[in-house]
Amino acid sequence: MPHQLRHFPFPITTPRLLLRKPCIEDSRAVNAGVEESFDELHQFMPWARQRQTLQETELFIEQAVTNWIVQKSEEPWFPIFIFDRTTQEFIGATGYHHIEWESMCLHIGYWIRTSKSGQGLMTEAVNALTRYAVEELGMRRVAITCDIKNIRSQKVAQRLGFALEATLKADRVMVDDQISDTLVFARYSTADLPALEVSW
Ligand SMILES: CC(C)(COP(=O)(O)OP(=O)(O)OC[C@H]1O[C@@H](n2cnc3c(N)ncnc32)[C@H](O)[C@@H]1OP(=O)(O)O)[C@@H](O)C(=O)NCCC(=O)NCCS
């Protein structure tokens with residue numbers, strides 16, 4: 001029996017950003033962003049073991065577009081692209097993964113293009129997606145997981161007041177085949193999130 005499709009209002013806007021679902025026309029900009037950021041992505045993102053061709057980016061976006069249409073909760077989950085609200089420049093990607101509609105839990109993932117890091121833009125995007133998850137989607141638990149050595153990612157979660165809930169020992173294999181630990185951060189409400197003007 002087909003599951004009930006949900007309505008996701010987009011775009012989401014913040015003072016500096018516009019966040020929306022992917023479309024195939026984004027392929028070149030996204031591929032350029034991935035290429036520019038390869039060294040950072042390669043360290044921590046399992047999908048960035050190798051450089052990405054334009055065709056691979058197109059395939060990823062096609063799968064993402066399909067997932068959004070049929071609301072399929074599997075790879076590549078529900079990516080959301082981030083653009084500069086003024087210039088429309090592609091800034092990076094965030095999105096929801098491991099959505100559990102019964103328990104109302106999900107995870108937020110993210111990466112930013114290297115030239116746009118260090119300005120608090122990802123913190124702004126994740127703040128907005130946390131609010132959207134709780135206030136629009138009715139999620140009870142919003143989680144962020146990252147490698148124990150991924151300090152910049154941990155700082156995004158900490159800046160937004162996510163609590164460290166667990167360290168999953170020997171939970172992941174890194175790009176150099178080393179076994180590593182995963183940190184689990186979570187939030188259960190939007191209370192005390194840093195103030196942010198967000199609309200959708
Ligand atoms: C994780 C990642 C997104 C963090 O990027 P980032 O640029 O550090 O995060 P932000 O865009 O939120 O910027 C925060 C930085 O901007 C600074 N900043 C400047 N203005 C700011 C503002 N208005 N608000 C908040 N921070 C601000 C912060 O001090 C911080 O710098 P610091 O860490 O040196 O103190 C990035 O390192 C990345 O894409 N890594 C590769 C992929 C990855 O690991 N993803 C996560 C997987 S779990």
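For ligands, and for the atoms within them, numbers begin at 1 and follow the listed sequence.
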Suppose we measure from [atom] to each protein heavy atom; which comes out shortest, and what is that distance?
atom                    : value
atom 24 (N) of ligand 1 : Gly120 CA, 3.7 Å
atom 45 (N) of ligand 1 : Tyr110 O, 2.8 Å
atom 32 (P) of ligand 1 : Lys155 NZ, 3.6 Å
atom 6 (P) of ligand 1  : Arg152 NH2, 3.8 Å
atom 14 (C) of ligand 1 : Arg159 NH1, 3.4 Å
atom 5 (O) of ligand 1  : Ile112 CG2, 3.7 Å
atom 17 (C) of ligand 1 : Gly118 O, 3.4 Å
atom 12 (O) of ligand 1 : Thr123 OG1, 2.5 Å

query = What orientation do Phe8 and Phe10 show, parallel under 30°, tilted 30 to 60°, or perpendicular over 60°?
reply = parallel
State the [atom1]-[atom2] distance between [X] and [Y], to the nearest 0.5 angstrom.
X      : Y      : atom1 : atom2 : answer
Thr86  : Arg16  : OG1   : CZ    : 10.5 Å
Ile80  : Tyr132 : CD1   : OH    : 7.0 Å
Gln154 : Thr145 : CD    : OG1   : 11.5 Å

Atoms in ligand 1 with a heavy atom of [X] nearer than 4.0 Å:
X      : value
Ser117 : 7 (O)
Cys146 : 48 (S)
Thr145 : 48 (S)
Phe44  : 44 (O)
Trp111 : 39 (O), 42 (C)

ask   = When only distance counts, is Met122 in polar contact with ligand 1, meaning an N/O pair under 3.5 Å?
value =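 Yes, at least one N or O pair falls under 3.5 Å.
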request  = Look only at interatomic distance and state if Ser153 has a nitrogen or oxygen under 3.5 Å from any nitrogen or oxygen of ligand 1.
outcome  =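 No: no nitrogen or oxygen of Ser153 is under 3.5 Å from one in ligand 1.
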ask   = With the threshold set at 4.0 Å, does a side-chain nitrogen-carboxylate oxygen contact exist between Lys116 and Glu89?
value = yes
ask   = Between Gln43 and ligand 1, which part of the residue brings a heavy atom under 4.0 Å of the ligand: side chain, backbone, both or neither?
value =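 Under 4.0 Å from ligand 1, Gln43 contributes no heavy atoms.
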query = Is the Trp68-Phe78 ring centre distance short of 6.0 angstrom?
reply = yes
